Each structure stands twice: as C-alpha cells, then as structure tokens.
Visitor: 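Dropping a structure here in structure tokens format, bear with me for questions.
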Amino acid sequence: MIRDIFNGMPADALGTEGWERPWSGPNGGSCVEAKRVDGGRVAVRQSSDPSGPALICTVAAMAGFVEGAKNGLADFLL
C-alpha cells in the first residue's frame, strides 16, 4: 500500500499492475492509461512515459469528465 498519493507523483510509484487502456488502438504505443488507487481516486498517466507524473483525481471528477466527453464537451481537444 502506498502511503501518500498526490497529484504529479511519479506514476511508477503507483505500481505496474492495474493500469488499463481499453480505448487504445494501433497508435504506436502512446496511450492514456488509468487505474483506481486508494482513497476512491483515479490515476491517469501517459503510456510512453510510465515513470512520468500521474494526474490524480476523484472518481466523481473522472465520472464527470467521461460523461462530458460522451456528450461532446471534450471535442475541442481533438
């Protein structure tokens, strides 16, 4: 168990197991990966930089982002 989980921490400090990327396609290995972490939170990292910083957010915040993306509110990112 990891004691302190914080935004911007090295993603590899969260372990190597449990990172998921079901939305990944044949894009050359550059994917967003996510995993559930302690405290009801979600970690997000870039697969091409697994030791890079992790974005830590609440499940509620991630749910809001996913819902917004489904409704086209993140289309400006593409």
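Note that the structure is predicted; figures quoted are calculated from it, not measured. Heads up: numbering here begins at 1 and tracks the sequence. Values reported hereafter were calculated over all heavy atoms of this structure, with side chains retained and with hydrogens, waters and symmetry mates removed.
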Visitor: Between L73 and V66, is there shared hydrophobic-cluster membership here, with clusters defined by ILVMFWY side-chain heavy atoms closer than 4.5 Å?
Guide: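 No; V66 is not reachable from L73 via cluster members.
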Visitor: Looking at every non-hydrogen atom in both residues, tell me the closest pair between G8 and P53 and how far apart they are.
Guide: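 For G8 and P53, the tightest heavy-atom pair comes out as O-CB, 3.7 Å.
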Visitor: Search all heavy atoms of R21 against all heavy atoms of V32 and return the closest pair with its distance.
Guide: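 Distance-wise, the nearest heavy atoms are CB-O, 3.6 Å.
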Visitor: Please list all pairs passing the salt bridge (Lys or Arg N to Asp or Glu O under 4.0 Å) test where one or both residues lie in residues 53-78, with sequence neighbours left out.
Guide: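 Every candidate salt bridge (Lys or Arg N to Asp or Glu O under 4.0 Å) pair involving residues 53-78 fails, so no pair, neighbours aside, qualifies.
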Visitor: Between Q46 (side chain) and C31 (backbone), is there a donor-acceptor pair under 3.5 Å?
Guide: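 Yes; judged by distance alone, with no hydrogens or angles, the pair exists.
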Visitor: Going through the checks in order, is the side chain to side chain contact (heavy atoms under 4.5 Å, CB included) test met by R45 and L55?
Guide: CA-CA 7 Å; R45 73 178 182 182; L55 172 65; over 6 Å; no
Visitor: By side chain to side chain donor-acceptor pair (under 3.5 Å), which residues pair with S51, not counting sequence neighbours?
Guide: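 Testing S51 for side chain to side chain donor-acceptor pair (under 3.5 Å), a comparison that skips the adjacent residues, returns D12.
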Visitor: Does V37 have any side chain to side chain contact (heavy atoms under 4.5 Å, CB included) partners at least two apart in sequence or in another chain, and if so, which?
Guide: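 I5, L14, K35, R41, A43.
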Visitor: Any side-chain heavy atom of D4 sitting closer than 4.5 Å to one from M9?
Guide: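 A side-chain contact under 4.5 Å is absent here.
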Visitor: Please list, chain by chain and in numerical order, all residues satisfying side chain to side chain contact (heavy atoms under 4.5 Å, CB included) with A61, sequence neighbours excluded.
Guide: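 By the side chain to side chain contact (heavy atoms under 4.5 Å, CB included) rule, A61 matches C57, T58.
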Visitor: Which residues, ordered by chain and number, are linked to F76 in its hydrophobic cluster, where ILVMFWY side chains connect at heavy-atom gaps below 4.5 Å, directly or through other members?
Guide: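 Its cluster partners, ordered by chain and number, are L77.
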